[in-house]
Amino acid sequence: MVEIPRTNRVERLTAVKGMNDILSPDSACWEWLEDKVRSLMRRYAYRNIRTPIVEPTALFVRSLGAVTDIVEKEMYSFEDRLNGEALTLRPECTAGVVRAVVEHSMLYEGGKRLYYMGPMFRHERPQRGRYRQFHQIGAEVLGFSGAEIDAELILLADALWRELGLDNIRLELNSLGQPAERLEHRSALIAHFEKHAKTLDVDAQRRLYSNPLRILDTKNPAMKDLVDSAPQLMDFLGDSSLAHFSSLTAILDANGIDYSVNPRLVRGMDYYNLTVFEFITESLGAQGTICGGGRYDYLVEQIGGKPAPAVGWALGVERVLELVREQGLGPEPLVPDVYAVISDQLALPVAMKTLQSLRTAGIRAQMHAASGEGLGSMKSQFKKADASGARYALVFGAEELAQAEVTVKSLRDGRGEQSRYALANLSAWAKTLQSSA
Ligand code: ATP
Ligand code: MG
């Protein structure tokens, strides 16, 4: 046997930079959000979809566009050493959803309303609201072309903000029109930027002819004036695109949804057409976009499916939860209803059987357990019971065991009131507790 020298301290391993552990009690906030989303999605008849975290690299290059921030510099791409496949950790989920929809012919019987939750990966500089592993919740609707679905998705997001109790979120809208309209706008855009070539930063110079629309998505303040004065896509839209946009705004107006039209809103992926939108808050600093989306009527075909219209959005969970904290919202702290104090080892089997039936009845029960030699003194067990936040301690001692009883001691009434119950009657007592699991 190899002796491991005790003096050699093992170097600690830490998480990858920009990728966070989500610990309790913070994780309760995540569950709270996820529960609200699930319940809301059911009310809108959206069904859950779960796609792999790893996809072929080509999927993202083809769908997001080769000349985009994500594909150019943010993807975790690697070669599978076992078979040489080019793979990428998903930077977003729309492409994967569309791939799955096509692969399983999901539109065969008609349109689909879908939603997902999960981690995404982008190699960005970690900062507030920007991480390398972050989480999105997204909704995607495929197979429907009308603006009423764009509106439904916006109403769904708005309903979520209200369910969470959030306010001070504004909505920005734009229309990117159709490919032919974009082409005309593109020529005007290139002409505009050529006239001011000296103001263009390196990224913009590189994109001038490959993807000039992307220049509008710049975060460089030095280019703001140039971008603000650029020709606006909205002015190049034909009747049909304008009609789609005005059907959307008519529905939003009728529902009392406030929005502003931002002609410079283009979003970071190439797959969008017609409607694009973002929900933005001013209270999170530079990373104020909490949700973004739009229509992508050409993506299904681009990924090899029969042409089908589609529209969706994705929200950033970390940013939404930061806003939740900022506005003092979130779930009540998690506490058990009862804490089982076990003053006699011999009572363990009966105690555990009792707790099991309480939990079946919906009671939140935490059991004291040994952390060293034995279960510890009554005093230290009561300390733990108190710290757990439980309303009652259930005491399983030798005396109780002999009579098939348990002592119920109130921990929160200030007097420590206690009474004895026959184990057989405990479920009746438990009913009065009214826990919701
Ligand atoms: P940004 O402009 O802030 O980089 P984006 O346009 O790249 O955002 P999308 O790809 O539209 O973002 O993703 C939708 C949402 O996901 C964003 O609005 C944001 O809330 C969240 N998000 C995107 N990238 C990150 C990240 N690196 N860390 C945390 N959240 C993110
Ligand atoms: Mg980004």
Side-chain angles (χ1 to χ4, degrees), residues 15-20 22 30 33 37 60 63-65 67-76 88-98 115-140 153-154 156-157 160-161 164 166 169-174 176 203 207 211 213-221 223-224 227 262 264-272 275-296 299 311-326:
V16 176
K17 191 173 168 212
M19 304 200 181
N20 301 311
I22 297 149
W30 286 66
L33 170 64
V37 168
F60 301 114
S63 56
L64 306 180
V67 190
T68 55
D69 278 351
I70 296 180
V71 171
E72 280 184 330
K73 48 196 180 201
E74 296 173 0
M75 292 207 303
Y76 282 92
T88 292
L89 299 186
R90 63 182 188 194
E92 56 101 65
C93 205
T94 304
V97 167
V98 172
Y115 80 94
Y116 59 81
M117 308 184 185
M120 308 295 155
F121 303 85
R122 297 184 194 175
H123 197 106
E124 302 196 70
R125 189 172 68 76
Q127 55 195 290
R128 182 185 186 199
R130 198 175 287 288
Y131 311 98
R132 291 180 174 173
Q133 174 172 327
F134 64 102
H135 298 75
Q136 287 185 338
I137 294 173
E140 313 282 357
L153 279 158
I154 289 173
L156 168 57
L160 179 60
W161 313 144
L164 300 176
L166 291 172
I169 298 170
R170 61 190 173 81
L171 170 63
E172 288 192 355
L173 290 182
N174 192 20
L176 298 183
D203 263 350
R207 290 170 176 182
N211 199 344
L213 196 67
R214 279 278 75 75
I215 300 176
L216 299 179
D217 195 36
T218 181
K219 292 189 173 89
N220 180 357
M223 296 209 345
K224 186 171 185 306
V227 162
N262 174 1
R264 277 164 299 281
L265 181 65
V266 295
R267 314 262 311 117
M269 302 85 169
D270 283 354
Y271 50 59
Y272 290 113
T275 316
V276 287
F277 56 89
E278 288 188 350
F279 287 93
I280 301 165
T281 169
E282 304 308 324
S283 35
L284 296 181
Q287 273 62 252
T289 302
I290 57 167
C291 176
R295 204 159 251 293
Y296 50 93
L299 187 57
V311 51
W313 55 244
L315 65 80
V317 174
E318 284 83 355
R319 293 186 195 176
V320 168
L321 288 180
E322 196 177 344
L323 199 57
V324 162
R325 277 187 288 272
E326 181 122 336

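Counting convention: from 1, in listed order, for ligands and their atoms alike. Fair warning: this is a prediction, and the values are worked out from it, not measured in the lab. We're numbering straight along the sequence, starting at 1.
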Margin query: For atom 8 (O) of ligand 1, tell me which residue out of Gln287, Met269, Arg319 has the closest non-hydrogen atom.
Written below: Arg319
Check: If we only count heavy atoms from C-beta on, is the Leu33 to Leu164 side-chain gap below 4.5 Å?
Finding: yes
Margin query: If I take atom NZ from residue Lys73 and atom OG1 from residue Thr68, how far apart are they, to the nearest 0.5 angstrom?
Written below: 9.5 Å
Check: Which option, Met120, Arg125, Arg122, Gln136, owns the non-hydrogen atom nearest atom 10 (O) of ligand 1?
Finding: Arg122
Notebook entry, point to check: Between Trp161 and Phe279, is the gap from one ring center to the other below 6.0 Å?
Noted result: yes
Check: Given the rule in the salt bridge (charged side-chain N to carboxylate O under 4.0 Å, His left out) test, do Glu72 and Arg214 qualify, once you have shown the distances and angles that lead to the verdict?
Finding: CA-CA 12 Å; Glu72 280 184 330; Arg214 279 278 75 75; over 6 Å; no
Next item on the list: Specify the protein heavy atom at minimum distance from atom 29 (C) of ligand 1: its residue, its atom name, and the distance to 0.1 Å.
Entry: Gly129 O, 3.2 Å
Item checked: Nitrogen or oxygen atoms of Glu318 and ligand 1 under 3.5 Å apart -> no
Margin query: Do Leu160 and Ile137 have side chains that approach each other closer than 4.5 Å (heavy atoms only, starting at C-beta)?
Written below: no
Note to self: I'd like to check whether Lys219 has a polar contact with ligand 1, where a contact means an N/O of the residue lying under 3.5 Å from an N/O of the ligand.
What the structure shows: yes
Item checked: Contact partition for Arg267 relative to ligand 1, non-hydrogen atoms under 4.0 Å -> side chain
Check: Counting each atom of ligand 1 from 1 as listed, which ones have a heavy atom of Ile290 under 4.0 Å away?
Finding: 18 (O), 20 (O)
Next item on the list: Determine whether any heavy atom of Gly268 lies closer than 4.0 Å to an atom of ligand 1.
Entry: no
Checklist line | Option of least heavy-atom distance to atom 1 (P) of ligand 1 (set: Glu322, His135, Arg130) | finding: Arg130
Check: In ligand 1, which numbered atoms sit nearer than 4.0 Å to a non-hydrogen atom of Cys291?
Finding: 18 (O)
Item checked: Winner among Phe134, Tyr131, Phe121 once heavy atoms are compared against atom 25 (C) of ligand 1 -> Phe134
Item checked: Any Arg267 side-chain heavy atom under 4.5 Å of Asp217 side chain -> no
Next item on the list: Tell me which protein heavy atom sits closest to atom 21 (C) of ligand 1, plus the residue, atom name and distance to 0.1 Å.
Entry: Gly316 CA, 3.6 Å
Check: At a 4.0 Å threshold, what atoms of ligand 1 neighbour a non-hydrogen atom of Thr289?
Finding: 17 (C), 18 (O), 19 (C), 20 (O)
Checklist line | Heavy-atom nearest neighbour in the protein, as seen from atom 27 (N) of ligand 1, with distance rounded to 0.1 Å | finding: Glu124 OE2, 2.7 Å
Next item on the list: Please examine the side chains of Ser63 and Tyr296, heavy atoms only from C-beta on, and report whether any two atoms are closer than 4.5 Å.
Entry: no
